[in-house]
A.B. asks: 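Take a look at the following structure, please.
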Amino acid sequence: MVIIADRRAGYINVIKEPLPVYIVNLQLSPIWQNQGIGTKLLKRLLALYSSDCIELTTFEDNPAKRLYERMGFVVVEKNGMTVKMGKNPSKAIQTSSSTFQIIRPNVSKQLSIVMCSSQNCT
């Protein structure tokens, strides 16, 4: 879940295994879009998995496709109105914000990212 000011603002779902890491879904409520939040989430995710290939699928006309391209993703496959995009391993991306926590459940193959307005996230 993406939490901003104690309110749900969106979510991200990532499957870590089997490789490559796959971003299943990344959504933000419209009121939180175009404020750099998606960029910060992706930077954290890319830093966390900097030594892994990462893939996602999106619609060709999705405005977020430009964000993915800015973050280094390239189209690796087209299928009708959707495109599969991938990013090869790279050096970790540095983030300057200290207001994000990443929670990695040990028992799950999925990663949950919680974005918080304070460092007291649970």
A.B. asks: Do Pro89 and Cys53 touch side chain to side chain, with heavy atoms closer than 4.5 Å?
C.D. replies: yes
A.B. asks: Check whether any side-chain heavy atom of Leu56 lies under 4.5 Å from a side-chain heavy atom of Ile54, and answer yes or no.
C.D. replies: no
A.B. asks: Atom CG of Asn62 and atom OG1 of Thr82: how far apart are they, to the nearest 0.5 Å?
C.D. replies: 11.5 Å
A.B. asks: For side chain to side chain contact (heavy atoms under 4.5 Å, CB included), just list the numbers for Thr57 and Tyr22, CA-CA rounded to whole Å, side-chain angles, deciding distance to a tenth of an Å, and then say yes or no.
C.D. replies: CA-CA 9 Å; Thr57 302; Tyr22 189 79; 2.7 Å; yes
A.B. asks: Do Lys87 and Met71 come within less than 4.5 Å of each other through their side chains, counting heavy atoms only?
C.D. replies: no
A.B. asks: Kindly work out whether a path of hydrophobic side-chain contacts (I/L/V/M/F/W/Y, heavy atoms less than 4.5 Å apart) joins Leu67 to Val75.
C.D. replies: yes
A.B. asks: How long is the span from the CD atom in Gln33 to the CD atom in Gln27, to the nearest 0.5 Å?
C.D. replies: 9.0 Å
A.B. asks: With clusters defined by side-chain heavy atoms of hydrophobic residues (ILVMFWY) lying less than 4.5 Å apart, directly or transitively, does Val74 cluster with Leu45?
C.D. replies: no
A.B. asks: Please step through side chain to side chain contact (heavy atoms under 4.5 Å, CB included) for the pair Tyr68 and Val83, ending with a clear verdict.
C.D. replies: CA-CA 12 Å; Tyr68 304 139; Val83 292; over 6 Å; no
A.B. asks: To the nearest 0.5 Å, how far apart are CD1 in Ile37 and CG in Leu42?
C.D. replies: 12.5 Å
A.B. asks: Flag yes if Leu46 and Leu19 sit in one hydrophobic cluster, no otherwise; membership is Ile, Leu, Val, Met, Phe, Trp, Tyr, and two members link when side-chain heavy atoms are under 4.5 Å apart.
C.D. replies: yes
A.B. asks: Do the non-hydrogen side-chain atoms of Thr39 and Lys43 ever get within less than 4.5 Å of each other?
C.D. replies: yes
A.B. asks: What's the shortest heavy-atom distance between Ala9 and Ile4, and which atoms?
C.D. replies: CB-CD1, 3.6 Å
A.B. asks: To the nearest 0.5 angstrom, please state how far the CG atom of Asn13 sits from the CG atom of Leu26.
C.D. replies: 10.0 Å
A.B. asks: Are Ile31 and Val2 connected into the same hydrophobic cluster when the rule is that any two of I, L, V, M, F, W, Y join if their side-chain heavy atoms are below 4.5 Å apart?
C.D. replies: yes
A.B. asks: Testing the 3.5 Å rule here: is there a donor-acceptor pair between the side chains of Glu77 and Asn79?
C.D. replies: no
A.B. asks: Got a sec, which pairs hit salt bridge (Lys or Arg N to Asp or Glu O under 4.0 Å) with one end in residues 64-76, sequence neighbours left out?
C.D. replies: Glu60-Lys65, Lys65-Glu69
